Asker: 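This is the structure I have questions about; it appears just below.
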2 protein chains.
Amino acid sequence: MRDTVLIREVGPREGFQSLERVVDTRKKLKLIELLVQAGMAEIEVCSFVRGDRVPQMADAEDIASALVAQASVQFRGLYLNERGFERACSFPSLINDGWLYTAMSQTFLRKNANSSFEKFLESLGGWLDCFERASKKLHGLMISTVFGCNDEGRFTEDQVCEVVERTLEKLHEHGAPSPIELSLADTMGWASPVRVTHLCSSLAKRFPELELSLHLHDTRGLGIASAFAGLKAGVRIFESSVGGIGGCPFAKGATGNIATEELVLLCQEEGLSTGIDRTKLLEAARFLEVEVGIDLPSRLYRCEKALSELNDEE
Amino acid sequence: MRDTVLIREVGPREGFQSLERVVDTRKKLKLIELLVQAGMAEIEVCSFVRGDRVPQMADAEDIASALVAQASVQFRGLYLNERGFERACSFPSLINDGWLYTAMSQTFLRKNANSSFEKFLESLGGWLDCFERASKKLHGLMISTVFGCNDEGRFTEDQVCEVVERTLEKLHEHGAPSPIELSLADTMGWASPVRVTHLCSSLAKRFPELELSLHLHDTRGLGIASAFAGLKAGVRIFESSVGGIGGCPFAKGATGNIATEELVLLCQEEGLSTGIDRTKLLEAARFLEVEVGIDLPSRLYRCEKALSELNDEE
């Protein structure tokens with residue numbers, strides 16, 4: 001098992017997208033700069049959705065053109081349709097390898113993307129053509145609401161395996177290989193340690209060719225414990241947000257992604273390297289709080305802040 | 001390994017003690033009532049400290065005399081000196097078996113109790129006499145700052161084992177048996193899953209006669225993950241606070257104990273019974289927020305609240 005963990009920072013995309021207000025582009029860029037300085041290897045910097053519908057992400061082009069490709073970090077733009085993918089591909093600063101997005105919850109797919117799993121399967125041919133035209137390889141498959149959904153409840157391991165299997169079959173029918181990464185996204189915070197253990201174990205047995213990754217939310221307080229179970233199950237790729245920002249549009253007020261700095265601390269305690277400087281990462285969190293004005297849910301951030309204020313008093 | 005977990009609720013004591021303001025006695029009693037209705041088996045209801053120094057606990061006598069002993073729940077009052085123990089013993093509503101309190105951090109002992117580990121050892125004879133006069137058995141030994149302290153850093157497993165060993169030796173010199181329970185209190189939130197695993201394993205090997213319990217704080221975001229590691233190591237007694245209230249006087253602004261409702265959810269996911277009704281427990285948390293006016297750190301509480309508001313809107 002590898003002793004390094006890849007953390008994909010999604011704060012600039014998922015965190016800012018979940019805010020009601022629109023954050024200034026310069027502040028977004030400054031946060032990204034601080035995250036790069038902290039040693040993040042991958043950062044999701046924007047989303048190529050429709051700016052009139054999602055004003056928080058309307059500056060995707062401005063973000064992508066202001067960034068400069070660099071060896072130490074991969075910048076990514078999220079896309080959910082072919083138009084978005086094409087927009088993303090026009091920027092050399094972004095690494096836009098092929099990603100496919102579906103979900104376990106049909107309610108979620110309908111509300112979020114006016115889609116369904118069947119429609120997703122039908123769309124695969126188009127996506128593969130799209131990736132080929134842009135000379136991008138298929139990299140990942142993300143399954144949202146993988147542990148459960150507030151509308152439909154829990155999903156079983158067998159149900160998840162079936163979604164993966166049917167997706168792979170369809171890809172193979174089109175002559176495409178399996179994706180490299182299978183991202184398990186716990187969109188509404190339904191994961192728990194035991195469920196992570198069991199799902200990862202089932203998937204690893206049935207699809208040993210796929211590298212599993214976890215995108216966890218701390219909505220019900222079990223986020224970091226679930227990440228721990230993921231580490232124990234051999235997962236070495238995680239998505240998280242600096243300061244723990246982010247959230248799900250279907251659970252207003254609920255907390256967001258697991259906090260990157262807490263995940264980094266967990267990995268360090270486990271003797272796993274992330275390449276991230278926790279002190280510098282906390283500076284990025286501080287920027288979010290002070291300059292962007294976000295009340296951060298991260299406990300580690302608040303603890304370090306309180307301790308540093310205490311030291312200042314002494 | 002038992003499939004039931006005993007959760008000792010410390011919110012009414014540690015939670016209210018950590019607030020700057022003093023909570024009305026009637027509201028404290030109402031919270032305790034709600035906790036009893038939720039099925040809590042043990043509740044720390046007050047602390048017999050000096051009311052002029054700790055005004056938050058000045059109503060300890062009022063709380064203890066208002067409560068009525070009942071079969072389904074044990075009410076406890078905290079005490080840190082013999083005078084406090086004697087005060088606690090005068091109330092038939094309270095189960096005040098013998099507890100001994102020390103800490104790994106000498107700085108913490110000095111600041112908190114003007115004491116030291118050596119003074120603690122010297123005090124054991126007096127404590128045993130005190131328990132005997134009150135016909136109480138020695139039940140527990142709590143070691144605070146057991147994983148680390150903001151002033152002194154981490155403590156090793158060997159250091160903790162030595163503290164336990166020297167305490168047991170001294171107890172045996174006085175002709176007393178070992179305590180039944182060894183409570184590992186992570187006062188400043190220094191625990192992590194791997195450290196819980198290792199410490200519990202070392203202690204269980206060297207002191208198989210002691211039942212281990214964990215008192216965890218979520219100061220750095222690893223509280224519930226550490227509780228999970230505790231469950232895996234066989235720990236079946238935990239202390240926690242409804243709503244996640246509480247905190248450490250030496251880390252202002254830092255979050256408090258792990259939230260009881262998140263711990264209950266974790267246990268349920270693991271297939272372990274706590275005897276606690278989570279819905280009723282969330283009602284107790286809601287009372288804390290709405291009627292006592294505390295901003296609760298519990299993620300599960302905030303999620304359930306957001307979901308119920310969403311349902312009301314629909």
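Computed from a prediction, not measured in an experiment: that's the story for all the values here. By convention in this document, chain letters (A, B, ...) are assigned in the order of the sequence lines, proteins followed by strands, and residues within each chain are numbered from 1.
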Asker: With rounding to the nearest 0.5 angstrom, report the CZ to CD1 distance, A:Arg299 to B:Ile224.
Answerer: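 With rounding to 0.5 Å, CZ (A:Arg299) is 8.0 Å from CD1 (B:Ile224).
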Asker: In residues 269-278 of chain A, which residues are in contact with chain B at a heavy-atom separation under 4.5 Å?
Answerer: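 Heavy-atom contacts from residues 269-278 of chain A to chain B are A:Glu269, A:Glu270.
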Asker: Restricting to side chain to side chain donor-acceptor pair (under 3.5 Å), what partner residues turn up for A:Gln37, sequence neighbours left out?
Answerer: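 Partners of A:Gln37 by the side chain to side chain donor-acceptor pair (under 3.5 Å) criterion, ordered by chain and then number, come out as A:Glu33.
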Asker: Going by side chain to side chain contact (heavy atoms under 4.5 Å, CB included), A:Phe228 matches just one of B:Pro193, B:Ser226, B:Ser192. Which one?
Answerer: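 Running side chain to side chain contact (heavy atoms under 4.5 Å, CB included) over B:Pro193, B:Ser226, B:Ser192 with A:Phe228 returns exactly one hit, B:Pro193.
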Asker: If I take atom CG from residue B:Leu222 and atom CG from residue A:Leu266, how far apart are they, to the nearest 0.5 angstrom?
Answerer: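 B:Leu222 atom CG to A:Leu266 atom CG measures 6.0 Å (nearest 0.5 Å).
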